[in-house]
Amino acid sequence: MKAPTIPSCSFPRGFKWGVAAAAPQIEGAARKDGKGESVWDHFARQPGRITGNANLDVACDHYHRFASDFALMRDLGVRRYRLSLAWPRILPNGDGAVNQAGIDFYHRLLDAMEAAEIEPWITMFHWDLPQALESRYGGWRSRRTVDAFARYADVIVQAYGRRVKHWITLNEMSSFTVLAHGVGERPPGIKSGEEVVNLTYHHALMAHGHGVRAVREYGGRGARVGLTDDAAIPVPIMESPPHIAAAQKAFRELNYRSLDPLFHGRFTSVYRRLAGPNAVRAQRGDFNLISMPTDFLGLNVYTGVYVRAGRGGRPEYLDFPASFPTADASWLRLVPQAMYWGPRLAQSVYGADEIYITENGAGYDDVPNADGEIVDLHRRQYIRQCLGELHRCIQHGVPVKGYFCWSFMDNFEWLDGYTKRFGLCYTDYATQRRIPKLSANWYAEIMRTNSLV
Ligand code: PNW
């Protein structure tokens, strides 16, 4: 019998596939070789903050196991890896003395990646602020933290700029601004008002600007830099003009603290309307920094919120019914269409002209079966639906150039500790064995064929 032919669903030639992770979630070695304490190290030591009172001390022990981790990546055909550097390893006190052992560690790690022919995409900051900056200055509430970040960015781009060509300044500002200082659920865990939240956003945006500046100054030829944002993504209830128009308005309203100042280089009328009396009083020069031209926008896409055109065309946000499909990570409503609307709105509303999906995935409480296999059909299903929407998005002319799956392996999932696994590979924390799940082998085939298999 002839083998069946299936029409292929190919991605554009040269589409960049990869996997992602972050230093605090995988490295462990929290006190090793002169590393300083991070705000997450500190926070996790407060009882009751994190599920199971888990901490980041050991995590996946990637600090000692990176060579075998890269060998496994290579076996799976991974060609690009988005990782982050731990600021407290490089500058244990946030500013002040550079820790040479920290610099050397990432050189060894980059050597191993090079040997495995895996290209590094480095996030400068994935939430692990040196605790010293929190204690001394009030962390992101203070401009002194912006200055400290500027120095940190200079140090790392000078150290690694010859070998690293892809830089991401910050990961998801909302986590260390609104969720940390407004909701108060993440370190430093203080509930403050809108004025403080807006200020922390402003400082984060300025730090981003310094990251861009550092790459321009010290990154060398071919260096590229962008921000990774976790834009809230409105999905129009119907793909028809009035609802799409409502989604466009919603996109600005939902992201008025982040993308709006970033792309407009000022506080727009949308910002002023929504921030009201709590708007930041910016200083001269702040916006030159914030709106430094970047090379791309990174979007982390996990979920979305449905909107429709309400009265006067204003966006009306819809509540999810209680039984709406959700991953085991309960915030993760399964809304694959977000993968279409996120990039499309970033392009149509803000003119983003080169977009990477820097994270996408799903958190489940995976359990190996009797044969030791992890048959994660739910994760495979969701990622496949998302990639179908991404394919459609690219077909419609949106400039998405690459996709990084979160995450390479199960890791420290912040408030959820070691529950809610997002890995393509299962981490057995007792033995530190990594076991590729069904989804890992499936995703390997996607990367290999550059098409939706
Ligand atoms: C991201 N949401 O966080 C982070 O960048 C990762 O470090 C994290 O492990 C991963 O996604 C899974 O949580 C997010 O509510 C957390 O939309 C929450 C949301 C989005 C991203």
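First listed ligand is number 1; within each ligand, the first listed atom is number 1. One is the number of the first residue; the rest follow in order along the sequence.
Among residue pairs with one or both ends in residues 337-346, those qualifying as side-chain hydrogen bond (donor to acceptor under 3.5 Å, both in side chains) are E239-Q337, E239-W341, Y340-R344, Y340-H396; sequence neighbours excluded.
Residue contacts with ligand 1 for N171 involve side-chain atoms from C-beta outward but no N, CA, C or O (heavy atoms, distance under 4.0 Å).
Close approach to T303 involves these atoms of ligand 1, each under 4.0 Å from a residue heavy atom: 17 (O).
In this structure, the protein non-hydrogen atom closest to atom 19 (C) of ligand 1 is W331 CZ3, 3.3 Å. Annotation: atom 9 (O) of ligand 1 to nearest protein heavy atom, E413 OE1, 2.7 Å. Among all non-hydrogen protein atoms, the one lying nearest atom 4 (C) of ligand 1 is E359 OE1, 3.3 Å. At the shortest separation from atom 10 (C) of ligand 1 among protein heavy atoms lies Y302 OH, 3.3 Å. Nearest protein neighbour of atom 21 (C) of ligand 1, counting heavy atoms only, is E172 OE2, 3.1 Å.
Using a 4.0 Å cut-off between charged side-chain N and carboxylate O, R141 and E134 make a salt bridge. The pair K420-D365 meets the salt-bridge criterion, with a side-chain N (NZ, NE, NH1 or NH2) lying under 4.0 Å from an Asp/Glu carboxylate O. Under 4.0 Å is where a charged nitrogen must lie from a carboxylate oxygen, and between R224 and E354 at least one such pair does.
Counting heavy atoms only, W414 comes closest to atom 8 (C) of ligand 1 of the residues F412, W414, W127.
The six-membered or imidazole ring of Y418 lies near that of Y429, with a centre-to-centre distance under 6.0 Å.
Within the 4.0 Å heavy-atom cutoff, N300 counts among the residues contacting ligand 1. Heavy-atom separations between H126 and ligand 1 include at least one value shorter than 4.0 Å.
The salt bridge (charged side-chain N to carboxylate O under 4.0 Å, His left out) search around R49 returns none, not counting sequence neighbours.
Screening Y356, F11, F15 against Y403 for a side chain to side chain contact (heavy atoms under 4.5 Å, CB included) leaves a single residue, F15.
At least one side-chain heavy atom of D260 sits under 4.5 Å from a side-chain heavy atom of Y350.
Considering backbone and side-chain atoms together, W406 places an N or O closer than 3.5 Å to an N or O of ligand 1.
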